[in-house]
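Before anything else, here's the structure in question.
Below, chains carry the letters A, B, ... as their sequence lines are ordered, and counting in each starts from 1. As a basis for the values below, the full set of heavy atoms in this structure was taken, side chains included, without hydrogen atoms, waters or symmetry mates. Every value quoted in this text rests on a predicted model; they were computed, and no experiment measured them.
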Amino acid sequence: MRFETAATINPIDQLKVVGKPADRIDGPLKTTGTARYAYEHHEGVSNPAYGYVIGSAIAKGRIAGMDLAAAKSAPGVRAIVTADNAGKLGKGDRNTAKLLGGPDIEHYHQAIALVVADTFEQARAAAELVRVDYVRTDGAFDLAAVKDIAKPRAVFGGPADTAVGDFADAFAAAPVQLDANYTTPDQAHAMMEPHASIAAWNGDKLTLWTSNQMIAWGVGEVAKTLDIPKENVRLISPFIGGGFGSKLFVRSDALLAALGARATGRPVKVALPRPFVFNNTTHRPATIQRIRIGAARDGKISAIGHEEWSGNLPGGRPEGAVAQTRLLYAGANRMTATRLAELNLPEGNAMRAPGEASGMMALEIAVDEMAERLGMDPIEFRIINDTQVDPEKPERPFSQRRLTECLRTGAERFGWNKRNPQPGRVRDGRWLVGIGVAAAFRNNLLTKSAARVRLDNNGVVTVETDMTDIGTGSYTIIAQTAAEMMGVPMEKVVVRLGDSTFPVSSGSGGQWGGNNSTAGVYAACVKLREAVAQKLGFNSAEAEFADGEVRSGNRRVPLAQAAGDSGLGAEDGIEYGDVDKKYQQSTFGAHFVEVGVDVATAEMRVRRMLAVCAAGRILNPKTARSQVIGAMTMGVGAALMEELVVDERAGFFVNHDLAGYEVPVHADIPHQDMIFLDETDPMSSPMKAKGVAELGICGVAAAVANAVYNATGVRVRDYPITLDKLLEEMPDVG
Amino acid sequence: MRSFTYERARTPAEAAASAMRKPDAKFIAGGTNLLDLMKLEIETPAHLIDVNGLALDKIEPTQEGGLRIGALVRNTDLAADARVRRDYGVLSRALLSGASGQLRNMATTAGNLLQRTRCPYFYDTNQSCNKRKPGSGCAAIGGFSRQHAVIGVSEACIATHPSDMAVAMRALDATVETVRPDGATRTIPIAEFYRLPGDTPHIETTLMPGELITAVTLPKPVGGKQIYRKVRDRASYAFALVSVAAIVQRDGTGRVALGGVAHKPWRVEAAEAQMPRGAKAVAAQLLADAKPTRENSFKLALAERTLGAVLAEAKG
């Protein structure tokens, strides 16, 4: 189905099932431990062997020699896979560094071997017996040190540099100016389930049970790396214990499991130990950002500029932190610049809202600072600079944009009028209390997505698509979509996901999964409705699907009967024309945060949070809310604690476990509230929905930072905002 | 993890004797720290002596009016004990500020005292660490040292002791009861139990080879306001940047010990004479010989300010 013009009324608009806060259908499986994760598919394999990954002990250089003798003769060892004996391997396009390194080493903990043994314990013990001699070479590990030799680099299809009007002149002439630098650190996805795979070969056909967000991408990458036809690779990933972008691409666990299984002739299981997840896989790269804003005294922005520096391995991409600044606020004179330096740290890649999450961390502090310079309320300053059109191309409107309503609704609900604009004035016992706000912004991405639906003689609708559920609720919203389309209750829908034998979907990433995958299911259901109508001799345009029946005029036939013994099936997908070229599609929101800062220790604790989101039709307010409050929590982590600390001598992330890499715990998140504005976006898809899971993180950290400033009067521009950055400027406590 | 042999000890003396007899033996109780370290091959014992069956899990009054806490009393039970809550509040508070409920259910009193540092370089076997591999150097010096010690450090090691409980024990003047491989018992004042790193940071306590902790004894209650204040980046499940265990009497005299600043719970009795004069005076003496790194020098101001907040709370 081609989607080329605004959606009109369709069966989804009935909202009998869609739009309802249905419980997650995978919930009971997960709470009872019966949902099988990648490492747990014991039913699919018999007599598996266990692989243990060895990672490079150096960041850059090469392996001079590996002594495998002791490990090979250790109890239970069946094979040791290295680059030396793995045969010729290709490299997928979506990874920067090789998944199996050697002899050249590209980053710390790059996989250099897999020890395969009868038991996990034997493999792990034998791995410690492998002796590796390295020759180190110098690397670049400090972004600030290489910033000045960074080069322009395009990102996410946009150019490296953008310019509208005359930024330099307009900024210089602006009566009120801000010119400030901000930094964001390297961050880890820190999802609960580490990367894990089981590989089994049947002749030349490979089956991989793995934990992956993008099944079709994964198939292509595995096939290319192993130089085998795509048809010979099957990926299965029905449940995923969190991904946040870390599992967009196959990682070393999948490749090494496949190689280990080939070497031993047995299925092989590989899970990355937790300390490996941080340096072996990908992370959100650190940024240095410079933001300049010039405005007239009435608050109207005349010039806005945003420059970004980030680093990555040779061939890697920039973070893309300037993206939102091209679209969020009005202003006639604008510029952005994206610069990338080569670093020899582990691979930087996508993490929840790549680009915007980092960019909004900086931009929304800058906007708060600018409002203060103007003597304006920061909400009013944002509203005054709101725009209904792409500021770079005024002929191009937003499909929907209700930023102002988000801000006003949130201000009302949160009690913004109680905020004292003078920082450092509100005290509650030992706490200095502050309130902060930030806009939320994340683009809505359209990408094709297909599904297969089948109706059987019990009236059960089965949906198959390679869409994944990374904890987001995909199973549930797809079931709701099919139920709405076919006029059956959700209990009559079976959803099967995460298998490369199913039609190719959008997958889960970039907050595109919800809208696109359900639109694909919508398309397949339209086709199935036609097949049902045609079989019954109904006019498909008039046929009504409701209560398990199909009706036309006086005739009503139960779906089970219509399907007959042979059942009926249909397969289709959604494909998009240029609606996202004609209309800028983005999602909007506002984050409000109240923090307490201990007057003596400068410990910061969030007291309450509110997000207001305008993101098209909310397909399931319960799962969508879970996405947003999870993202808000992640934003608090980014604000106050998350940082992969670089050892600039040895070139690795030092705090590589969940004790050292702190993310918020329950005690850090006392109270969260959120509101969805009632909205549909007919330009997004027949579902009229948009993404929401990444919108929820964009701006949160800045709202926290602005609240800390309001509480203390201390402006921190380097994340994370830890107490040591406040201490010197805190009031004397005697 | 290396292969190891395993036995269940029947008596404390037998456990100690066995530890002496078997090379590279370790005692195991709750295992909340040791098992993690074994999986990463930071600890590689050849033999484990399980002491969980040793009936050292009672909290009993002593003749002197104090409490004798069996080595195997779990952190959860110790924190919840009515006598501890009433007479040694600082201990209960310190325990509850550490780890998680699940870990406290397993972790024992003696095991808590003996837990190893959480220095990230100690935890990464690719990095040099004099504590893990004597003589290999200290990667933390000149590296990521925000969490590390600011006082009592050496050229060989700047690790901290991670325990909260031990800081309270130090403030309470606890004593450690042990049995040695020859069956003899002794008591070690907690002030003499921990060592500074010096040039042997791998030797962390004054326990002799094979010596087994059987109990920790608290002296008669000293009353006063008992406060444990732990400062950290997140609200729970994190090690202290700085912690203060304080016992403050009505006249402003008392005791303070700091956590998160040294290789052991940090207490300088002479500094306590300054308590009536306030936190600045105490901190000046308590941290007089501090040698912080660039990344952790904030701990000096933080310790002083936290101490100030604690003394103010005690007064209020």
Side-chain angles (χ1 to χ4, degrees), chain A residues 55-58 74-75 108-109 120-122 124-125 127-128 273 275 279 430 598-606 636-637 640-641 643 645-650 652-660 662-670 720-728 730 732-734, chain B residues 1-4 36 38-41 44 99-100 118-121 123-128 139-147 162 229-239 241-244 278-280 295-313 316:
Chain A
S56 168
I58 64 166
Y108 191 76
H109 272 176
F120 172 77
E121 289 76 12
Q122 287 171 334
R124 183 173 58 187
E128 291 293 335
N279 284 285
R430 60 185 247 220
D598 186 292
V599 69
T601 65
E603 285 167 289
M604 287 153 279
R605 301 290 182 254
V606 169
V636 171
L640 299 179
M641 58 195 84
E643 176 178 19
V645 179
V646 178
D647 185 309
E648 287 159 8
R649 304 162 304 174
F652 73 110
F653 299 129
V654 184
N655 50 341
H656 49 58
D657 59 37
L658 290 177
E662 291 186 9
V663 299
V665 295
H666 285 87
D668 290 301
I669 309 293
I721 305 166
T722 47
L723 60 88
D724 44 303
K725 296 173 186 172
L726 296 179
L727 219 44
E728 275 182 18
M730 291 295 284
D732 197 359
V733 286
Chain B
M1 186 187 281
R2 304 260 176 94
S3 295
F4 55 89
D36 285 354
M38 287 172 66
K39 289 174 188 172
L40 296 166
E41 296 213 357
T44 53
S100 64
R118 264 46 172 212
C119 171
Y121 296 97
Y123 265 78
D124 187 334
T125 51
N126 291 326
Q127 308 304 320
S128 56
I141 296 174
F144 172 46
S145 59
R146 181 170 179 267
Q147 287 277 350
R229 182 70 196 280
K230 182 176 181 180
V231 181
R232 43 191 160 173
D233 293 318
R234 64 178 169 190
S236 178
Y237 203 58
F239 294 97
L241 294 167
V242 164
S243 69
V244 175
K280 268 192 176 41
E295 290 183 351
N296 68 19
S297 59
F298 74 92
K299 285 191 176 188
L300 301 180
L302 182 60
E304 183 191 306
R305 294 177 71 100
T306 308
L307 187 56
V310 166
L311 296 183
E313 182 186 340

Review point. Taking B:E313, B:R146, B:Q147 one by one, which has the highest count of heavy-atom pairs under 4.5 Å against chain A?
Key: B:R146
Check your understanding: Side chain, backbone, both or neither: which part of A:H666 has a heavy atom under 4.5 Å from chain B?
Key -> neither
Point to revise | Structural part of B:K39 lying under 4.5 Å from a heavy atom of chain A | key: both
Review point. Is it the side chain or the backbone of A:V654 that comes within 4.5 Å of chain B heavy atoms, both, or neither?
Key: both
Check your understanding: Do B:R305 and B:V231 come close enough that some side-chain heavy atom pair is under 4.5 Å?
Key -> no
Check your understanding: With a 4.5 angstrom heavy-atom cut-off, which part of A:V663 approaches chain B: side chain, backbone, both or neither?
Key -> both
Review point. A:D647 side chain to A:F652 main-chain N or O, any donor-acceptor pair under 3.5 Å?
Key: no
Practice item. Count the heavy-atom pairs under 4.5 Å between each of B:S236, B:S297, B:S3 and chain A, then report the option with the highest count. Key: B:S236
Exercise for review: Please state whether the side chain, the backbone, both or neither of A:E662 comes within less than 4.5 Å of a heavy atom of chain B.
Suggested key: both
Review point. Has the side chain of B:D233 got a donor or acceptor atom that lies under 3.5 Å from a matching backbone atom of A:T722?
Key: no
Practice item. Determine the minimum heavy-atom distance between B:A279 and B:L311, stating which atoms define it. Key: N-CD1, 3.7 Å
Practice item. Sort out for me which of B:P120, B:A309, B:G143, B:G278 touches chain A most, counting heavy-atom pairs under 4.5 Å. Key: B:G143
Check your understanding: What pair of heavy atoms forms the shortest contact from A:V599 to A:M730, and how long is it?
Key -> O-CE, 3.8 Å
Check your understanding: With a 4.5 angstrom heavy-atom cut-off, which part of B:L241 approaches chain A: side chain, backbone, both or neither?
Key -> side chain
Exercise for review: Report yes or no: does B:R2 contribute a side-chain atom to a donor-acceptor pair with the main-chain N or O of A:E128 at less than 3.5 Å?
Suggested key: no
Check your understanding: With a 4.5 Å heavy-atom cut-off, do B:F144 and B:Y121 have their side chains touching?
Key -> yes
Practice item. Could you tell me which portion of B:A303 (side chain, backbone, both or neither) has an atom closer than 4.5 angstrom to a non-hydrogen atom of chain A? Key: neither
Check your understanding: Minimum heavy-atom separation for B:A140 to B:S145, with atom names?
Key -> O-CB, 3.8 Å
Practice item. Check each atom of B:R118 against the heavy atoms of chain A and say whether the ones under 4.5 Å are side chain, backbone, both or neither. Key: neither
Practice item. Select one option (side chain, backbone, both, neither) describing which atoms of A:L658 are under 4.5 Å from chain B's heavy atoms. Key: backbone
**Study point:** Salt-bridge contact B:E304-B:K280 (side-chain N to carboxylate O under 4.0 Å)
**Key:** yes
Exercise for review: Heavy atoms only, distances under 4.5 angstrom: which of A:V646, A:L640, A:V636, A:D598 has the most pairs with chain B? Name it, please.
Suggested key: A:D598
Practice item. Quick one: which of A:A600, A:P275, A:G660, A:P75 has the most heavy-atom pairs under 4.5 Å with chain B, could you say? Key: A:A600
